[in-house]
Amino acid sequence: MKIAVIHQYYLMPGFPGGSRFNEMARYWSEAGHEVTVIAGTVDYNSGKVPRRYRRRWITEERDGNVRVLRCYVPGTYGRSYLGRMLAFFAFTFSAATAVFRLRRPDVVTATSPPLIAAIPGWLAAKVRWRRIPWIFEIRDLWPESAVTTGVLKETAPITRLLYALERWACKRARHIIVLTPAFTDDLIERKLARREEISLIPNGADPRLFQPGPRDNDTRRQFGWGDRFVFMYAGAHGRANALGQLVAAAELLRDREDILIACVGDGPERLKHEAAAGAKGLRNIIFHGPQPKESMPSIVQAADVGMAVLQDNPTFRTIYPNKVFDYMACERPTLLAIDGVARELVCNQAQAGVFTPSEDPESLAATMVEMADDAGHCRELGRRGRIWVSANATRDAMAERYLTLMSKLNRETGLKRGLFAKRLFDICAATLALIVLSPLMLIITLLVRRKLGAPAVFTQERPGLHGKIFTLYKYRTMTNQVDGDGAPLPDEMRMTPFGNFLRRFSLDELPQFWNVLRGDLSLVGPRPFLVEYLELYSKEQNGRHDVKPGITGWAQINGRNAITWDEKFKFDLWYVANRSFGLDLKILWRTARLVSKRRGISYAGQVSMPRFEGSKDLKSEKFKAGSG
């Protein structure tokens with residue numbers, strides 16, 4: 001497949017930050033798929049644009065086997081919230097122009113935030129004038145998160161615009177991927193999507209990269225942590241992270257010289273918190289700034305406990321922090337100051353961490369003391385975390401799940417395109433057949449009325465697509481003769497030489513071209529059986545109704561009425577599983593040849609086919625149910 005990803009925050013090589021899509025794109029490309037990522041030019045940790053991207057609209061580069069189109073984002077990103085919004089809109093515009101450089105993808109995924117990434121995602125799926133499925137991935141609930149953290153006012157015009165964009169993206173996307181089950185519940189509650197339209201693919205860890213290792217390593221010595229018990233926070237330093245609670249906890253722990261709080265990462269609030277710690281004269285909290293991605297495994301290994309903290313905000317009860325998966329993969333326990341689904345995952349499911357209320361420095365400090373004084377329990381928590389991640393949340397497993405979904409959507413889209421082509425072909429062929437054959441049909445109609453009686457065309461209800469009943473049209477091939485009691489005579493007594501002639505050359509089927517025009521039938525598909533047979537089908541046999549029935553089909557060219565009912569079902573189900581436009585053409589060609597040879601018109605000893613009495617397995621099941 002050709003996979004296109006719209007992700008403003010796709011990491012640059014060697015830069016720190018969330019690498020979900022870097023690792024997934026690597027996995028997909030190694031699996032033989034062609035992956036192109038449309039990304040931004042800003043390092044979102046520092047808010048700066050690297051020199052090689054400046055004054056360039058689109059920069060094409062490679063990340064291993066992955067093609068990356070870096071699109072213009074202005075340097076206003078890190079200056080203010082207004083500057084960040086300007087950067088988001090600028091990326092939307094530059095990314096929208098980059099989609100014209102995509103090599104006609106088979107599937108598109110656009111990931112939010114920023115929410116407006118949905119616009120180039122939709123455009124990438126539509127610009128080629130063909131049905132390309134696009135996936136809208138929600139990594140954070142926007143604009144809800146911005147409102148609850150105070151970045152945006154709920155009544156502001158920009159907020160209403162973003163909510164409208166969120167509704168539009170959820171309704172237009174072929175499928176939605178969320179990172180936590182709480183996101184699923186939120187979208188369903190707000191009626192933005194149905195449950196079957198949403199898939200959960202959470203973050204995970206790469207256990208080959210993040211592995212257990214000794215705490216006494218080069219990183220610990222480089223950072224000067226000594227033999228202290230280190231609580232390490234890794235991640236963004238923004239308003240939502242509320243790192244002021246770490247500074248406050250450090251002040252409460254001033255007398256515990258054996259405990260150190262180490263902060264790794266960057267963001268707009270880092271300098272403020274660093275200055276606050278310096279002003280208080282705190283030596284038990286250190287801000288190390290951003291670190292290269294390849295250094296993170298050894299940094300986590302050097303720590304004793306990994307921390308995940310956020311604002312005390314109801315919205316954050318719906319998220320899984322990326323960092324906790326890396327902590328668990330390195331066999332380090334998590335000190336979690338986030339309630340909700342993260343607490344359920346880390347503390348209850350994985351049993352790999354300890355919870356403390358968010359923005360409660362006293363409780364945070366007390367929990368740090370308890371963990372530092374019980375190193376054995378911390379090691380046990382870390383061991384459980386590694387086991388849980390290996391079993392449930394490896395990044396390769398998440399990438400494979402994502403790939404399976406994309407392949408499914410691509411196949412379904414291909415089938416829809418094939419159905420459109422099939423329907424167009426049916427209409428054109430049936431119209432042409434009715435025009436060309438109209439003189440012959442007029443003659444047959446008159447002959448049938450004279451030799452067999454009226455009406456010349458008889459109707460019968462048959463099950464169609466998904467078992468929906470429709471009216472089938474055929475020329476009469478038997479008389480209306482009845483016995484003395486008014487009951488119809490057996491088929492073999494009512495069949496005349498003229499009726500047999502119509503059947504031998506399949507002329508009795510000609511009125512069904514009208515069924516094709518109506519959309520009841522296709523030219524090719526499983527032949528529609530009697531309605532009364534529906535209740536006799538097994539669950540597997542009922543699968544023949546997953547496609548529209550046809551005038552001819554795979555069973556017809558492999559024996560028609562001369563084969564058994566079990567053989568008919570096998571041929572029909574094979575067609576459903578392997579249908580294609582090319583196969584339909586093959587069936588039509590072979591049908592024309594078989595009609596001319598007049599083969600398979602009837603079952604041995606029958607005028608046409610014996611009645612279907614149900615499969616043996618189904619009869620057995622019904623007998624057991626009845627005798628229970």
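The chain is numbered in sequence order, starting from 1.
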Is a side-chain donor or acceptor of [X] paired with a backbone partner of [Y] at a separation under 3.5 angstrom?
X    : Y    : answer
R332 : Y327 : no
R386 : A329 : yes
D185 : A182 : no
T394 : S390 : no
Q245 : E359 : yes
D106 : K2   : yes
S295 : Q291 : no
H7   : A39  : no
T159 : T155 : no
R54  : V49  : yes

Apply side chain to side chain contact (heavy atoms under 4.5 Å, CB included) to R190 and L187, showing your working. CA-CA 5 Å; R190 291 191 288 145; L187 294 176; 4.1 Å; yes
Inspect the contact between [Y] and [X] and indicate whether a charged nitrogen and a carboxylate oxygen are less than 4.0 angstrom apart.
X    : Y    : answer
E197 : R194 : yes
D396 : R26  : yes
E60  : R101 : yes

Determine whether H237 and C263 satisfy the following criterion, side chain to side chain contact (heavy atoms under 4.5 Å, CB included), listing intermediate values before the conclusion. CA-CA 9 Å; H237 292 43; C263 300; 3.8 Å; yes
In sequence, state the C-alpha distance, the side-chain angles, and the governing distance for I177 and L200, and then conclude on side chain to side chain contact (heavy atoms under 4.5 Å, CB included). CA-CA 6 Å; I177 287 178; L200 171 66; over 6 Å; no
When rounded to the nearest 0.5 angstrom, what is the spacing between [atom1] in [X] and [atom2] in [Y]?
X    : Y    : atom1 : atom2 : value
E331 : Q301 : CD    : CD    : 10.5 Å
I319 : F183 : CD1   : CZ    : 6.5 Å
I201 : M24  : CD1   : CE    : 6.0 Å
C330 : L209 : SG    : CG    : 8.0 Å
L69  : I58  : CG    : CD1   : 6.5 Å
K272 : L243 : NZ    : CG    : 9.5 Å

Mind listing the closest non-hydrogen atom pair of [X] and [Y] along with its distance?
X    : Y    : value
R384 : A350 : CB-O, 3.6 Å
F88  : P114 : CD2-CB, 3.7 Å
A87  : V73  : CB-CG1, 3.6 Å
A393 : W388 : CB-CZ3, 3.8 Å
P105 : I132 : O-CD1, 3.3 Å
A118 : A110 : CA-CB, 4.3 Å

So, W122 versus F136, ring centres under 6.0 angstrom or not?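 W122 vs F136: aromatic centres not under 6.0 Å.
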Do [X] and [Y] have side-chain N/O donor and acceptor atoms under 3.5 Å apart?
X    : Y    : answer
T356 : S363 : yes
R139 : S112 : no
W57  : T97  : yes
T59  : Y72  : no

Does atom [atom1] of [X] have more than 12 heavy-atom neighbours, drawn from other residues, nucleotides or ligands, at distances under 6.0 Å?
X    : atom1 : value
R62  : CZ    : yes
R423 : CZ    : yes
E294 : CD    : yes

Identify whether NZ of Lys or CZ of Arg in R343 sits under 6.0 Å from the centre of the six-membered ring of F355 and within 45° of that ring's axis.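 Yes, a cation-pi geometry.
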State, yes or no, whether a side-chain contact exists between [X] and [Y] at a heavy-atom distance under 4.5 Å.
X    : Y    : result
T334 : L381 : no
E196 : H175 : no
K323 : D326 : no
Y27  : R395 : no
R195 : T184 : yes
I135 : R174 : no
I338 : R317 : no
R20  : Y10  : no

For Y163, all residues meeting ring-ring contact (aromatic ring centres under 6.0 Å, His included), sequence neighbours excluded: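 In terms of ring-ring contact (aromatic ring centres under 6.0 Å, His included), with neighbours along the sequence ignored, Y163 is linked to no residue.
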Only one of V324, L335, V354 forms a side-chain contact (heavy atoms from CB on, under 4.5 Å) with V346, so which one is it?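 Single side-chain contact (heavy atoms from CB on, under 4.5 Å) partner of V346 among V324, L335, V354: V324.
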According to the interplanar angle, ranging from 0 to 90°, do the rings of W28 and F21 count as parallel (below 30°), tilted (30 to 60°) or perpendicular (above 60°)?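 Taking F21 first and then W28, their aromatic rings stand perpendicular (interplane angle over 60°).
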Just to verify, what does N348 make a side-chain hydrogen bond (donor to acceptor under 3.5 Å, both in side chains) with, not counting sequence neighbours?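 N348: side-chain hydrogen bond (donor to acceptor under 3.5 Å, both in side chains) contacts with E344.
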Evaluate N284 against I259 for side chain to side chain contact (heavy atoms under 4.5 Å, CB included), listing each step before the verdict. CA-CA 7 Å; N284 59 347; I259 295 177; over 6 Å; no
